[in-house]
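One structure is given here, and the rest of the page talks about it.
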Amino acid sequence: AKTRGRSRYEFFDVGLRRRMQRRLRLEQDLRDAVRHGRLWTAYQPVVDLSTDRVVAVEALLRWNHPIHGPVSPTEFIPLAEESDLINLLGAHMLRETTRELGIRRERGTEVDLKINLSTRQLDDPALVTAVEHALAAAGLPPSALCLEITESALMRDFVLASETLTALRELGVRLAIDDFGTGYSSLAQLQRLTLDTLKIDRSFVNGLGRSRDAEAIVTSIIAMAHAVELTVVAEGVENGEQLELLRELGCDQAQGYYLGRPLPARELWA
Ligand code: C2E
Ligand code: CA
Ligand code: CA
Ligand code: CA
C-alpha cells in the first residue's frame, strides 16, 4: 500500500510539473509575443436592433503560438493577469485598437470601440491617463470608447474598481458590465456604478428558443437594465430565432456569430 501511495503521489507530481512547465513556457512566449508585436486583434460587429446597423466593434485579442497554434484568450489572459504582463498587454491593446478605429472613422466608418478590461488593469492608477492619451493620439472622442468589465471582476474589488471607474466616467468614456447574470450583483450596486451598458452572458442567449427559463431570465435582465436606463447588448447570438426573440423582448443591441464573427480589421472593413 505504501508503494502504491508513493507512485500515485509521483504521478500527480509529474502531471502538476507538466502543467506548470506549460504555463511557464507560455508566459515566457507571451512576453516575447507582446514585445515583438505578434499578438493581433480581431473585431466583432455589434448591431443595433432598431436600425440593423453596425454601431460598434468589440476588440478581442488573438495569439497564434508558433508551436501550439491559436491560444485562447481565456487561457492567456489569466496567465498575463498573474504578472505585470497584463498591463503591457492592455496598454498595447488600447493603443492599437484606438489607432485602428481612428483610421476607420477618418474613412467614414462611424462605429464605436469596445475593449475588455481585467481587474489588474483597474488596479493600475496609470490606466486613466493611458486611456486619455490613447484617445487623444487617435483623435477619438471619449464617448466612442466603451470599456467592458465582467460582472465578477466588478464585484470582486467593488470599492477600488468604482474609484477608477468614476475617473474613467469623468473622462467621458462609456462603461459596460460584461457577462451579466453569472455573478451576484444587485440592482443597487448596478445603479451606483453608473454604467452605460449591460451585456447579457452568452449562456442565457444560448438557451433562447430552447428553454423557458432562459427566456424568463433574459426578459427580467432586460427589464432590470432598462429600469436603470442601461443599454442592453446580447452576446453569442448564433441563429435567427435567437435574434428575433431578442428583438421581441426589447433588447437594444446584439452580437454573435450569426451577425458576424470576430475578424482582422482588414477583413472586416475590406
Ligand atoms: P468576452 O468579452 O465575453 O468576449 C466574447 C467571446 O465570445 C469572445 O471569445 C468571442 O469570440 C466569443 N463569441 C462571439 N460571438 C459568439 C457566438 O456567437 N458564439 C460563441 N460560442 N462565442 C462567441 P474570445 O475571443 O475567445 O474571448 C474570450 C474572453 O477573453 C473574452 O470574453 C474576454 O473576457 C477575454 N478577452 C479577449 N480579449 C481581451 C482583451 O484584450 N483584454 C482582456 N482583459 N480580456 C480579453
Ligand atoms: Ca466582452
Ligand atoms: Ca461577454
Ligand atoms: Ca465571456
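These numbers come from the heavy atoms of this one structure, side chains and all, not from hydrogens, waters or symmetry mates.
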Show your reasoning for whether side-chain contact (heavy atoms from CB on, under 4.5 Å) applies to Met224 and Leu190.
CA-CA 10 Å; Met224 186 171 106; Leu190 277 188; 3.7 Å; yes
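- Ile149 contributes atom CD1, which lies 9.5 Å from atom CG of Asn116 (distance to the nearest 0.5 angstrom).
- Residue Leu140 is not grouped with residue Val46 when hydrophobic side chains (ILVMFWY) are merged at heavy-atom distances under 4.5 angstrom, including chains of intermediate members.
- Defined by atom type and a distance below 3.5 Å, a donor-acceptor pair is missing between the side-chain atoms of Asn206 and Gln242.
- For the atom pair CG of Asp178 and CZ of Arg202, the computed distance is 10.5 Å after rounding to the nearest 0.5 Å.
- Residues Leu26 and Trp63 approach most closely at O-CH2, 3.5 Å, considering heavy atoms.
- Without hydrogens or angle criteria, Glu151 side chain to Gly181 main chain gives a donor-acceptor distance under 3.5 Å.
- Atoms CG and CG, on Leu145 and Leu171 in that order, are 9.5 Å from each other to the nearest 0.5 Å.
- At a threshold of 4.5 Å between non-hydrogen side-chain atoms, the residues Val111 and Val55 do not count as touching.
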Given salt bridge (Lys or Arg N to Asp or Glu O under 4.0 Å), test Arg247 with Glu244 step by step and report yes or no.
CA-CA 5 Å; Arg247 229 192 265 280; Glu244 284 327 305; 3.2 Å; yes
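- One distance of note links NE2 of His92 with CG of Leu85; it measures 12.0 Å at 0.5 Å rounding.
- Side-chain atoms of Arg31 and Ser83, non-hydrogen and from C-beta on, do get closer than 4.5 Å to each other.
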I would like to know whether Leu127 and Leu117 meet side-chain contact (heavy atoms from CB on, under 4.5 Å); could you show each step before the answer?
CA-CA 10 Å; Leu127 176 73; Leu117 279 193; 3.9 Å; yes
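- Using a 3.5 Å distance cut-off with no hydrogens or angles, the side chains of Thr41 and Glu100 do not pair a donor with an acceptor.
- Distance CG/Leu195 to CD/Glu229: 13.0 Å, rounded to 0.5 Å.
- The minimum heavy-atom distance between Leu243 and Leu49, with the atom names listed, is CD1-CD2, 3.7 Å.
- Between the side chain of His36 and the backbone N or O of Asp32 there is at least one donor-acceptor pair closer than 3.5 Å.
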Under the salt bridge (Lys or Arg N to Asp or Glu O under 4.0 Å) rule, what do Glu27 and Arg22 come out as? Steps first, then yes or no, please.
CA-CA 8 Å; Glu27 194 189 318; Arg22 175 174 159 103; over 6 Å; no
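- Here the rule is side-chain contact (heavy atoms from CB on, under 4.5 Å) with Gln253, and of Val54, Val233, Val47 only Val233 fits it.
- Surrounding CZ of Arg104 are more than 12 heavy atoms belonging to other residues, nucleotides or ligands, all under 6.0 Å away.
- Two residues are said to be in side-chain contact when any heavy atoms from C-beta on lie closer than 4.5 Å; Lys114 and Val57 fail this criterion.
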Working note: Gln28 + Leu24, criterion side-chain contact (heavy atoms from CB on, under 4.5 Å); need CA distance, chi angles, decisive distance, verdict.
CA-CA 6 Å; Gln28 198 53 252; Leu24 271 176; over 6 Å; no
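- Side-chain contact of Asp252 with His226: a donor-acceptor pair under 3.5 Å is present, judged by distance alone.
- Judged purely by distance below 3.5 Å, without hydrogens or angles, the side chains of Gln44 and Gln255 pair a donor atom with an acceptor atom.
- Arg62 is listed as a side-chain neighbour of Pro262, based on a closest heavy-atom distance under 4.5 Å.
- You'll find the side chain of Leu208 reaches within 4.5 Å of the side chain of Glu215, heavy atoms only.
- The minimum heavy-atom distance between Ile221 and Leu198, with the atom names listed, is CG2-CD2, 3.5 Å.
- Using cut-offs of 30° and 60° for the angle between ring planes, the Tyr43 and Trp269 rings count as tilted.
- Here the straight-line distance linking atom CD of Glu132 with atom CG of Leu168 works out to 10.0 Å at 0.5 Å rounding.
- Tested against Thr150 for a side-chain contact (heavy atoms from CB on, under 4.5 Å), the candidates Thr182, Thr119, Asp179 yield a single pass: Asp179.
- The closest side-chain heavy-atom distance from Leu165 to Leu193 is below 4.5 Å.
- By the 4.5 Å heavy-atom criterion applied to side chains, Phe76 and Leu61 are counted as neighbours.
- Side chain of His65 to main chain of Ile67: a donor-acceptor pair is present (N/O by atom type, distance under 3.5 Å, no hydrogens or angles).
- At a cut-off of 3.5 Å, with distance as the only test, a side-chain donor of Asp201 or Ser203 sits close to an acceptor on the other residue.
- Using a 4.5 Å heavy-atom cutoff, the side chains of Arg174 and Asp112 are not in contact.
- When all heavy atoms of Gly236 and Val205 are compared, the closest pair comes out as O-CG1, 3.8 Å.
- Heavy atoms of other residues, nucleotides or ligands lying less than 6.0 angstrom from CD of Glu267 number more than 12.
- More than 12 heavy atoms of other residues, nucleotides or ligands lie within 6.0 Å of CD in Glu110, so this atom counts as buried by the packing criterion.
- A donor-acceptor pair under 3.5 Å is formed between the side chain of Gln121 and the backbone N or O of Ser118.
- If you chain together hydrophobic residues whose side chains sit under 4.5 Å apart, Leu230 and Phe204 fall into the same group.
- Here the side chain of Arg120 pairs a donor or acceptor atom with the backbone of Glu81 at under 3.5 angstrom.
- There is a path of hydrophobic side-chain contacts, each under 4.5 Å, that joins Tyr258 to Val232.
- When all heavy atoms of Ala234 and Leu246 are compared, the closest pair comes out as CB-CD1, 3.6 Å.
- Screening Thr97, Leu135, Leu94 against Leu113 for a side-chain contact (heavy atoms from CB on, under 4.5 Å) leaves a single residue, Thr97.
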When you look at Arg23 and Arg18, which way does the side-chain contact (heavy atoms from CB on, under 4.5 Å) test go after all the steps?
CA-CA 9 Å; Arg23 280 172 53 139; Arg18 250 194 222 122; over 6 Å; no
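- Remark: the backbone N or O of Leu175 is paired with a side-chain donor or acceptor of Asp196 at under 3.5 angstrom.
- The two atoms that bring Leu245 and Gly209 nearest to each other are CD1-N, 3.6 Å, heavy atoms only.
- When the side chains of ILVMFWY residues are joined at heavy-atom separations under 4.5 Å, either directly or via intervening members, Leu259 and Leu60 end up in two distinct hydrophobic clusters.
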